**Student:** 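One structure follows; several queries about it will come next.
Just so it is clear, the structure is predicted and the values come from calculations on it, not from any experiment. When reading the values below, keep in mind they use all heavy atoms of this one structure, side chains included, and skip hydrogens, waters and symmetry mates.
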Amino acid sequence: MANIQLSVNPSAKAAIFEALQAGVSENTALIKEAEIYLKTVESTPVFHLTLIEIITNTSIDVKVRWLASVYFKNGIDRYWRKNTSNSIPEGEKAILRQKLISHINEPVLQVATQLAIIISKIARYDYPKEWPELLPSLLHLVRTEDDLVQQRALLYLHHVTKSLASKRLAGDRRAFQDLSSEMYSYVYALYSHINQTLLQQMETSNADIVGATMEKALLCLRVMRKLTVHGFKTPHQTNTVMEFVQASYERIKNLLQYRQVILSNDSLLALCEKYLVVHCKVLRDLLDFHPFSFVPFIRMTVEFVLHYLFKPENQVLLFDSFVVQSLNLVKGIVLCAEYRPAKVIEDTKEPATLEAYRIKSEVLTPDSLSLMCRQLIENYLLLSQEDLHLWETNPEEFAAEEGGEAWKYSLRPCTGCLFLSLFHEYQSILSPVLISMLNESMGLIPPNDMSRIIKKDALYNAIGLAAFELFDEVDFDRWFSQVLLQELRVKESNYRILRRRVVWLLGRWIGVKLSVDLRPLIYETVLGLMEPGEDLVIRLSSAVTLRSALDDFEFNAEQFLPYLERSFSLLFTLLKETEECETKMNVLNVMSLLIELLGNQMKPFLGTLLQLLPALWDASDEHNLLRCAIISTLVHVVKGVGSNTEDLLHCLLPVVAYSTDSEQPAHVYLLDDALALWQAMIESLSQANPQVLQLLNNMPQLLELGSENLIICCDILKAYIYLCPDEFLAMYGSRIVNVLMEQIVDMRPEGEMRVMSVIESMLVNRPETAASIVSPILPFVVSSLLDGSSTALIITSFFSAISRVVLASKEIFFQVIAEVARREKQTPEFVLDKFMTLWIDKMSSVFALEKKKLLAIALASLLTCQSDIILDKVCGIFMRICETINDILPPTDSGEEIDRLVYAPGHVQADEGEEEVDNEHLKRYISTRRSVDPVFTLPLPTYFRNQIAQLEAQVGSARFQDMTQTVDNETLEMMRNFLSHQPRNNQL
């Protein structure tokens, strides 16, 4: 230790200390310089030793010590593991561990918390092998009489236990279970002693003393929580565990009573509530992780919750976070899969399941369920004064839907989840209760009776949540026409609560039970509530309901057309008037859906939207989710406009360029939507300008990102190839091919097929030019085929590309064969012979007729290249070509020879409706196929006859006759039929 300390350069220590001092200054320039310096020295051997000396020196400014502890904490992840570069030496680690555990009397809680986290991180790596004394030391220190030392020891023990419990490898979990079995009784005894002291102090002592003891009790309880939940495979088999859990109910009862005494002491009240919530979390964790161990506590839990949460006289003891935990506990019991017996109860094999089912049936009786249903609606689903204040002061935040995991911590979402769970499980019991409550509430409430309005809002909320379960119970058409419409017409201020809830209710029931004939009235009602004079919360809720109506399976576009202009205008106004990012996103999503559903009908209204979107884009540079919504809207706009996108380029190009630039940090959020926009834009253009082409500068980096976006990137590249083949190949062809060549080596078969589709698109559009550009990737293609490990689809894709190269330039084909031979240290003749044998063999596994014909045309073209190796295989070549001709010549009564793949106007080859497509890319694709692709322009029988005639002229009749002697009789007979036929159409 002394040697290491002597090796620390005092000047280096002083420099680190000065940098930390600068780091807590108010001078931003000094802070920046300090960060840069500390970054450069954090991997040096002296760094962490210097930090620990600063942290443990209580005479140094607390801000400096805290910053040092943060840097130490971050260094654990980077340099503590043995296999990391610049890892901390083992000798230095031993010194650091010793100094950390010895500084147990840290007076500042913020620094002590950082030290606790540091120790827990090191324990995750080093306990028990390198640091076996850690837990024995902490367990000894938690028994000390020194309050500060005991509190810090409990704090360290809590974080260490939490860290060790979070390890998930099987060996680590077994080690933690062994540790728990050793220390559980010791920690529980300590916790019982602290808690007993706390109970005595709650009756006699002042708040400061109670608070100090309660802090220790809370830390100890957190340790017990991890040991209980993660330290035992079957907690119910350990008596101490069950004793601890059972005692929790009495402790909760005492704490709830004590909370009423300290309502005026904010700090102690907050600590008491936190302590209560952790008690609830112990019960919830046991239920989640060990449901069978929780079976003995089902009755106790439900009865406890019924007593405190659903009896009005006890509700004064409660607070929101405790209610949330309690309701979620009941929900967990109701929904627990382990507590569900088989449909035939006698078939259930697990006794604990039957026991849980029995207890649930006894405590969740019709009376208790009815009580819970009513109390949930009348007490816990109510809008609070805080909600109403938020409505007044920030209506957009109030209108934001509480989704995700809000039920875990927010009262109304939590109540809604429990209500829906109960209703789903006990529908036959609770449906009459809810219908009875609805019947009791019929009739208009006086506008000044706010209490009844809020209760009715909660009731309507419940009916909306249970809409699917109430399908057969509620005649919604009648209810809407006779009751809800009347409530919507009341304009008094208080009634906005009900009007907002009614329009929300419409959105919930539209997809459940609403007649088609009533939809025009719904549209009229919803749009009326979106008018600028209405309350903003009601307008936003109406927009959400409009989206539900548009997104419904029974939506009829023709029925909605009379409301189209008004709806778009109102949404546009709402978009301009709102300020919050999330609100604008929601409105944009409704507009996007409208554009998607009504397409061409939207064209007259898109101009006004496009005037707003660029400004909205510029103003949302810090809100990437809003920008995603803008891009998504633009995608729908482009698709709605169809083939008239040129006028939108001034708006689209900057968005695509920015969002697909991999050097922009925001691209990780925007890329998926931006690629969809890029594809939609490029496929709708009739010509490309220089700015459109410049977007391709972003493509190589996107391809290098990996396979996640490969499919859409390849589709974009193909769209460019068909849009402007000459410019694409000249400016970007070689660069793109080189990137694809680097990536294809590590791709899966799906990726290889996408890459080859790009290569083949180049060869289709400009065969001669493209053959030279794609040649660098072809040796990989040939080698992969010869390797024999590719799937049938990949083989077809590879041979298709090679076939097009053969048709474009046989010279390049033979150069590729020679390059493969050089790489594999073989002769070109050997590789060519092996490749041609493979080609002939694998053609039988090519099932797509277009691909099969392409391969046959390429084989026929090779007949006249004057290669003896190829001529030696004429038997196989003739057989495959004849098989393909048989496949593409349908039988005809007139005896006409019609290549079914060659396009001829008036024949069945022309796909019906192709001329009516409103997509420029599809038009170009069809046109190219019909005009330049040999598969669709070249009749194979005629081409085969011509090649045979040319071959005979090249080799002479005698040798040609000798070659045909090697052909089997069946193939020879087919050849004679083709060669003697005089075709009357599809001529070259």
Side-chain angles (χ1 to χ4, degrees), residues 302 305-316 318 320 322-331 334-335 364-388 391 401-402 406-407 410-445 449-471 473-474 476 479 483-484 487 494-495 497-509 512 541:
V302 174
V305 172
L306 283 170
H307 177 75
Y308 280 98
L309 271 68
F310 296 105
K311 287 190 176 181
E313 63 271 20
N314 293 326
Q315 290 171 1
V316 68
L318 308 177
D320 281 1
F322 178 79
V323 173
V324 168
Q325 293 295 330
S326 301
L327 295 181
N328 283 333
L329 195 54
V330 175
K331 180 168 75 75
V334 170
L335 297 182
L364 293 173
T365 62
D367 288 343
S368 63
L369 288 168
S370 299
L371 173 66
M372 291 171 71
C373 178
R374 284 186 173 272
Q375 287 290 308
L376 287 173
I377 295 171
E378 294 177 352
N379 285 327
Y380 298 115
L381 268 182
L382 303 178
L383 289 174
S384 65
Q385 288 300 316
E386 290 80 5
D387 294 326
L388 296 176
W391 185 327
E401 294 184 6
E402 292 179 312
W407 58 271
S410 187
L411 181 56
R412 275 194 297 121
C414 162
T415 304
C417 282
L418 174 58
F419 171 80
L420 198 54
S421 302
L422 288 171
F423 211 90
H424 183 72
E425 292 293 317
Y426 304 100
Q427 181 179 345
S428 60
I429 297 172
L430 297 182
S431 287
V433 177
L434 196 57
I435 297 301
S436 172
M437 294 179 71
L438 178 60
N439 292 331
E440 293 168 8
S441 72
M442 287 296 180
L444 292 177
I445 297 172
D449 193 342
M450 181 62 100
S451 175
R452 289 177 61 193
I453 289 174
I454 289 178
K455 285 188 176 182
K456 195 168 192 177
D457 170 84
L459 176 61
Y460 283 4
N461 188 358
I463 293 173
L465 292 173
F468 285 98
E469 283 76 9
L470 292 173
F471 180 89
E473 309 294 333
V474 175
F476 190 80
W479 185 32
V483 178
L484 299 180
E487 293 176 329
N494 287 346
Y495 246 75
I497 296 172
L498 275 183
R499 296 169 74 235
R500 172 251 183 183
R501 182 59 68 189
V502 168
V503 77
W504 172 86
L505 196 60
L506 291 177
R508 297 287 300 187
W509 276 85
V512 177
S541 298

**Student:** Between N439 and I435 (side chain of the first, backbone of the second, donor and acceptor by atom type, cut-off under 3.5 Å), is there such a pair?
**Tutor:**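 Yes: the side chain of N439 pairs with the backbone of I435.
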**Student:** Can you find a heavy atom in the side chain of K311 that is under 4.5 Å from one in the side chain of N314?
**Tutor:**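 SC-SC contact between K311 and N314 confirmed.
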**Student:** Whether E378 and R452 form a salt bridge (side-chain N of Lys/Arg under 4.0 Å from carboxylate O of Asp/Glu) is what I want to check.
**Tutor:**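 Salt bridge flag = no for E378 with R452.
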**Student:** Per the side-chain contact (heavy atoms from CB on, under 4.5 Å) rule, which among L382, L383, L388 passes with Q385?
**Tutor:**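 With Q385 as partner, side-chain contact (heavy atoms from CB on, under 4.5 Å) holds for just one option, L388.
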**Student:** Check the orientation of Y380 and F310. Use parallel for under 30°, tilted for 30 to 60°, and perpendicular for over 60°.
**Tutor:**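 Perpendicular.
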**Student:** Using 0.5 Å steps for rounding, measure from the CG atom of L306 to the CG atom of D367.
**Tutor:**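 Atom-to-atom, L306:CG and D367:CG are 11.0 Å apart.
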**Student:** Kindly determine whether R374 and E440 satisfy salt bridge (Lys or Arg N to Asp or Glu O under 4.0 Å), including the steps that lead there.
**Tutor:** CA-CA 12 Å; R374 284 186 173 272; E440 293 168 8; 3.4 Å; yes
**Student:** Strictly under 6.0 Å, is that where the ring centroids of W479 and Y460 end up?
**Tutor:**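 Yes, close enough.
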**Student:** Which pair of heavy atoms, one from F471 and one from V512, lies closest together, and at what distance?
**Tutor:**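 In terms of heavy atoms, the two residues are closest at CE1-O, 3.2 Å.
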**Student:** Roughly how far apart are L420 CG and K331 NZ, rounded to 0.5 Å?
**Tutor:**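 Answer rounded to 0.5 Å: 10.0 Å.
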**Student:** Can you tell me how far OG of S441 sits from CD1 of I377, rounded to the nearest 0.5 angstrom?
**Tutor:**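 I377 CD1 to S441 OG: 10.0 Å, rounded to 0.5 Å.
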**Student:** Would you please say whether a donor-acceptor pair under 3.5 Å links the side chains of S421 and E425?
**Tutor:**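 No, E425 and S421 have no side-chain donor paired with an acceptor closer than 3.5 Å.
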**Student:** Assess, by modelled atom type and distance only, whether the side chains of D387 and S384 contain a donor and an acceptor separated by less than 3.5 Å.
**Tutor:**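 Short answer, yes.
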**Student:** Tell me, do F322 and L309 make a side-chain contact under 4.5 Å, heavy atoms counted?
**Tutor:**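 When only atoms from C-beta onward are counted, L309 and F322 do touch, with a gap below 4.5 Å.
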**Student:** Is any side-chain heavy atom of F423 closer than 4.5 Å to a side-chain heavy atom of L465?
**Tutor:**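 F423 vs L465: side chains apart.
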**Student:** Which pair of non-hydrogen atoms, one from F419 and one from C373, has the smallest distance, and what is that distance?
**Tutor:**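 It is CE1-SG, 3.8 Å.
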**Student:** When you compare the side chain of L505 with that of L484, does any pair of heavy atoms fall below 4.5 Å?
**Tutor:**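 Of all side-chain heavy-atom pairs linking L505 with L484, at least one is under 4.5 Å.
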